[in-house]
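Notes follow the structure.
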Amino acid sequence: MKIFIYHTPELTPTEEAPECAIAVDVLRATSTMATVLAAGGEAVQVFSDLDKLVAVSEQWPSEKRLRAGERGGSKVAGFDLGNSPLDCTAELVQGKRIFISTTNGTRALQRIENAPIVLAAALINRDAVVRFLLEKQPETVWIVGSGWEGSFSLEDTVCAGAIAHSIWQQGNDSLEDITGNDEVTSAIALYSQWQNDLLGLFHQASHGKRLLRLECLEDLKYCSQTDILDVLPIQHEPGVL
Ligand code: 3SL
């Protein structure tokens, strides 16, 4: 298995596709998606365009849908939910389809939606993703960070490093065998340095600071946990996990 890490959707190659592509938006879209599915949500359907989200979700029975929208870290007016995983309780989401649009995370998923296997990963479901990869053994894996409006993000990179580190530790391949680009080496180094203080790293991260200004410390704490949800968000049809 060869792993390639791309820090943003914009840095992800367009002319080729891997066997398996993984979108990462630890703060907070993929953490929210994993939480919804672990709590019994029927599915998560992603949109970059808010008007399209509203139009498509309109076709769905109102008692079986929730609209989640975030822009600039805040909830979109008129939507049922913002992008806080802590709001996605079983009581609220069980049996419902979540129609979601966020600033960067949904763009990352849409960028890779044509790969044969598409997953969404966060730190909270890292082990479920790693187990799937070790069992499936795809030849090439791309891990695509969402970043923030085209820029590198520490939290997505450390999660990509956590996945690659675990594949290396638990699988049979050497570090050299799994390393597809230099980003993998640097992401593993970042994870090795911070694995025991991921919340501390989030406090250094620009998006972590942005969320702290929005009083989202509890979200940071939740999203900095590793391997707490045994859930594999996998794409069933383009844009639907
Ligand atoms: O950019 C995104 O997709 C969001 O996850 C950002 S936020 O954490 O909801 O602010």
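As the structure lists them, so they are numbered: ligands from 1, and atoms in each ligand from 1. Residues take their numbers from the sequence shown, with the count starting at 1.
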- [ ] Heavy-atom cut-off of under 4.0 Å around ligand 1: list whichever protein residues fall inside it, by chain and number.
- [x]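 Close residues (ligand 1, cut-off 4.0 Å): D25, L27, R28, A29, E70, G73, N83, T102, T103, N104, G105, W148, H207, L211.
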Task: Where A164 and I178 come nearest, the two heavy atoms and their spacing - done: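 Scanning both residues completely, I find the closest heavy atoms to be O-CD1, 3.6 Å.
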- [ ] Determine, using the 4.5 Å side-chain heavy-atom cutoff (strictly less than), whether L232 and L229 are members of one ILVMFWY cluster.
- [x]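 In one cluster with L232: L229, no.
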Task: Test side-chain hydrogen bond (donor to acceptor under 3.5 Å, both in side chains) applied to R71 - qualifying residues, sequence neighbours left out - done: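 side-chain hydrogen bond (donor to acceptor under 3.5 Å, both in side chains) check on R71 returns S101.
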Open item on the list: For a quick check under 3.5 Å, do T185 and D182 share a side-chain donor-acceptor pair by atom type?
Closed with: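 There is no such pair (donor and acceptor under 3.5 Å, judged by atom type) between the side chains of T185 and D182.
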Open item on the list: Checking one residue: W148. Which other hydrophobic residues are in its cluster under the side-chain 4.5 Å linking rule?
Closed with: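 When side chains under 4.5 Å apart are linked, W148 ends up in no cluster with other residues.
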Please list, one pair per line, the donor and acceptor atoms closer than 3.5 Å that link side chains of residues 44-51 to other protein atoms, with sequence neighbours excluded.
from : atom 1 : to   : atom 2 : distance (Å)
Q45  : OE1    : R97  : NH1    : 2.8
S48  : OG     : Q110 : OE1    : 2.9
D49  : OD2    : D51  : N      : 3.3
D49  : OD2    : K52  : N      : 2.8

